[in-house]
S.K.: 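Once you've had a glance at the structure underneath, I'll fire off some questions.
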Number of protein chains: 2
Amino acid sequence: MARRYDHSREEIRSMALDAAEAIVAAEGYKGLSARKVAAAIEYTVGTLYLVFENLNDLVLQVNGRTLDALFERMAAVSGPADSPRKRLLALADAYIAYAKAETPRWNTLFEFVAENGNSLPDWYLVKLSKVFGLAETALEPLSDRRQALEVQQAARVLWASVHGICMLKIRQRMDLAGGQSTEAMAGMLIDNFLRGFAAASHGDQQTE
Amino acid sequence: MARRYDHSREEIRSMALDAAEAIVAAEGYKGLSARKVAAAIEYTVGTLYLVFENLNDLVLQVNGRTLDALFERMAAVSGPADSPRKRLLALADAYIAYAKAETPRWNTLFEFVAENGNSLPDWYLVKLSKVFGLAETALEPLSDRRQALEVQQAARVLWASVHGICMLKIRQRMDLAGGQSTEAMAGMLIDNFLRGFAAASHGDQQTE
DNA sequence: GCATTTAATTGAACGCCGTTCAACGGCTGT
DNA sequence: ACAGCCGTTGAACGGCGTTCAATTAAATGC
């Protein structure tokens with residue numbers, strides 16, 4: 001049995017990604033294997049290696065799709081008419097909602113990363129930047145009174161923080177949150193950070 | 001070759017943990033295997049399973065040690081004479097310094113977690129709480145003017161956020177930080193959050 | 001219409017992995 | 001001297017990622 005040509009390379013590629021996403025959603029990152037993906041699309045392992053460099057590559061593509069989905073969901077709630085605070089809260093809620101709804105997929109985003117020596121391809125970094133960019137865009141109106149770089153840095157600090165809160169809650173189901181919901185924690189973060197950010201004029205220093 | 005009795009169960013246990021820590025430090029979590037640990041302590045795989053439930057159990061113990069080390073380092077820099085802000089900044093710096101110095105060990109803390117269905121044993125949660133507790137203690141002086149619960153929640157939000165920042169920087173070596181150092185990002189977070197937290201009296205709401 | 005080339009696909013093979021457990025053989029008590 | 005104990009072994013099982021010679025159907029040339 002060879003030379004079937006039922007599907008083009010591109011078709012096989014997307015079938016494999018679909019199958020991999022389904023397996024991850026059902027069994028998590030750990031449950032994913034080349035043999036399972038191959039079986040699901042009714043090809044054999046060898047074929048997968050014609051289309052993907054290796055399993056890491058496949059997972060990276062899956063994560064790329066996840067980042068796209070995340071971006072879509074977040075972009076949909078970010079109305080330009082709203083205040084920075086409202087936009088950030090909406091973005092955080094959307095992020096948290098996605099992480100809760102698609103926990104295995106979201107987890108895979110981070111369970112994977114550390115493996116290949118910390119070097120991610122450019123196309124992946126671009127997708128990541130797009131997600132971060134939403135927070136930056138939301139904060140942009142503040143650039144009147146503040147240096148643009150500082151606002152950008154604030155957006156990234158805030159977004160990394162929202163992610164940290166989300167991580168804490170979802171990964172370890174901890175009672176370390178003091179009884180707050182993920183959304184409430186993110187809200188507390190955003191409110192206090194923005195209040196502090198607005199209060200400080202550029203160059204201010206706290207001394208104690 | 002049987003019945004050597006060179007070492008007690010407890011000795012084997014700690015030798016295995018030492019070996020596992022060394023392997024993780026050298027090759028990361030992914031490089032760890034039961035066979036490698038066994039070879040390093042000059043026993044065979046079977047023996048490991050008399051002393052640990054399974055490999056997950058072994059890694060959990062390793063992570064327990066990591067949390068202990070983290071706590072020690074952080075506790076050492078947290079002087080009660082300092083202001084909450086200074087203490088938090090010092091804690092964040094110590095946390096970041098540990099994560100940088102012992103990156104594979106620190107990464108293992110989070111690469112492991114999601115595996116066993118999100119249930120962590122009590123002794124592990126206690127160790128985690130101790131680390132979080134340092135941030136809570138640092139913020140305690142604020143409890144004069146604020147409800148104790150709110151201060152505790154703020155500490156946890158802040159700590160999860162510091163972790164998120166650390167994660168972002170260390171796991172993906174990203175330029176998504178806008179050129180700031182990890183310490184600068186954590187400092188920006190803490191300064192703005194605390195300024196905002198101090199400015200808001202209890203029950204205040206931002207409406208826009 | 002047949003033979004040859006081409007390339008898509010296979011699946012066995014390699015060396016790993018976590019985990020289990022029947023068997024081994026020094027040690028201890030009698 | 002012997003039996004039984006039990007700490008320890010290591011082969012075995014099923015699964016993993018990855019490779020690549022072999023297979024075979026389609027495309028091409030004649």
Side-chain angles (χ1 to χ4, degrees), chain A residues 1-17 19-24 26-63 104 108 111-117, chain B residues 1-17 19-24 26-63 104 108 111-117:
Chain A
M1 217 186 316
R3 185 78 169 204
R4 301 175 7 182
Y5 210 72
D6 290 346
H7 307 281
S8 73
R9 230 142 245 260
E10 217 42 60
E11 282 170 335
I12 292 178
R13 189 182 184 79
S14 86
M15 286 162 61
L17 290 179
E21 276 184 337
I23 293 169
V24 165
E27 310 175 45
Y29 175 54
K30 258 190 51 184
L32 189 73
S33 80
R35 284 168 172 85
K36 275 188 200 168
V37 173
I41 64 174
E42 294 180 294
Y43 277 80
T44 55
V45 251
T47 303
L48 278 184
Y49 283 81
L50 297 171
V51 171
F52 300 98
E53 205 185 311
N54 50 39
L55 209 67
N56 261 10
D57 183 27
L58 192 157
V59 177
L60 198 67
Q61 313 288 334
V62 169
N63 281 347
T108 302
E111 285 173 39
F112 166 74
V113 166
E115 300 201 351
N116 61 350
Chain B
M1 216 189 315
R3 182 79 168 202
R4 300 169 15 178
Y5 209 73
D6 291 346
H7 308 281
S8 72
R9 231 144 243 262
E10 217 43 59
E11 282 170 334
I12 291 178
R13 188 182 184 78
S14 86
M15 286 162 60
L17 289 179
E21 277 184 337
I23 293 169
V24 165
E27 309 175 46
Y29 175 53
K30 257 192 52 185
L32 189 73
S33 80
R35 283 168 172 85
K36 275 188 199 168
V37 173
I41 64 173
E42 294 181 295
Y43 276 82
T44 55
V45 251
T47 302
L48 278 184
Y49 283 81
L50 297 170
V51 171
F52 300 98
E53 205 185 311
N54 50 41
L55 209 68
N56 261 10
D57 183 27
L58 192 157
V59 176
L60 198 67
Q61 312 289 333
V62 169
N63 281 347
T108 302
E111 286 174 39
F112 166 73
V113 167
E115 301 201 351
N116 60 351

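Note: hydrogens, waters and symmetry copies are ignored here, and every other heavy atom, side chains too, is used. Letters A, B, ... mirror the listed sequences (proteins, then strands); counts begin at 1.
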S.K.: Just the rounded figure in Å: distance from P of dC17(C) to CG of L48(B).
M.R.: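 It works out to 13 Å between those atoms.
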S.K.: Output the rounded distance in Å from CZ (F52(A)) to P (dT9(C)).
M.R.: 14 Å
S.K.: Might you point out which heavy atoms bring N54(B) and Y49(B) nearest each other, and give the distance in Å?
M.R.: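 Distance-wise, the nearest heavy atoms are CA-CE2, 3.8 Å.
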S.K.: Which residue lies toward the 5' end of DNA chain D, I12(B) or T47(A), if each is placed at its nearest nucleotide?
M.R.: I12(B)
S.K.: Closest approach of I41(B) and M15(B), non-hydrogen atoms and distance?
M.R.: CG2-O, 3.5 Å
S.K.: Using atom CG of L50(B) as one end and atom P of dT20(C) as the other, report the distance to the nearest whole Å.
M.R.: 11 Å
S.K.: Please report, rounded to the nearest Å, how far the C1' atom of dC16(C) is from the CD1 atom of I23(B).
M.R.: 15 Å
S.K.: Please identify each residue that fulfils side-chain hydrogen bond (donor to acceptor under 3.5 Å, both in side chains) with D57(A), with sequence neighbours left out.
M.R.: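 Result, side-chain hydrogen bond (donor to acceptor under 3.5 Å, both in side chains) vs D57(A): Q61(A).
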S.K.: Looking only at non-hydrogen atoms, find the nearest pair between L58(A) and A20(A) and report the distance.
M.R.: CD2-CB, 3.4 Å
S.K.: Between Y43(A) and dT9(C), is there a contact of a side-chain N or O with OP1 or OP2 at under 4.0 Å?
M.R.: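 The answer is yes; a side-chain N or O of Y43(A) sits under 4.0 Å from OP1 or OP2.
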S.K.: If you pin V45(B) and G46(A) to their nearest nucleotides in DNA chain D, which one's is more 5'?
M.R.: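 Counting from the 5' end, the first nearest nucleotide belongs to V45(B).
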S.K.: Just the rounded figure in Å: distance from P of dC16(C) to CD of E27(B).
M.R.: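 So the CD-P distance, E27(B) to dC16(C), works out to 13 Å.
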S.K.: Please report, rounded to the nearest Å, how far the C1' atom of dT19(D) is from the CG atom of N54(A).
M.R.: 13 Å
S.K.: Could you pull out all residues at least two apart from E11(A) that satisfy side-chain hydrogen bond (donor to acceptor under 3.5 Å, both in side chains)?
M.R.: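 E11(A) satisfies side-chain hydrogen bond (donor to acceptor under 3.5 Å, both in side chains) with no other residue.
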S.K.: Name the closest nucleotide to the Y49(A) side chain, picking from dT10(C), dT18(D), dT19(C).
M.R.: dT18(D)
S.K.: For nucleotides 13-16 of chain D, list the nitrogen or oxygen atoms of the protein found under 3.5 Å from its nitrogen or oxygen atoms, one pair per line.
M.R.:
| unit_1 | atom_1 | unit_2 | atom_2 | d |
| --- | --- | --- | --- | --- |
| dC16(D) | OP1 | S33(A) | OG | 3.2 |

S.K.: Check V24(A) against P104(A) and note the closest heavy-atom contact, atom names and distance.
M.R.: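 In this case the closest contact between V24(A) and P104(A) is O-CB, 3.2 Å.
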S.K.: Rounded to the nearest 0.5 Å, what separation is found between the CG atom of N63(B) and the CD atom of E21(B)?
M.R.: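 CD of E21(B) is found 9.5 Å from CG of N63(B).
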S.K.: CZ of R13(A) versus P of dA8(C): gap in Å, rounded?
M.R.: 16 Å
S.K.: Tell me the interatomic distance from K30(A), atom NZ, to dC17(C), atom C1', rounded to whole angstroms.
M.R.: 12 Å
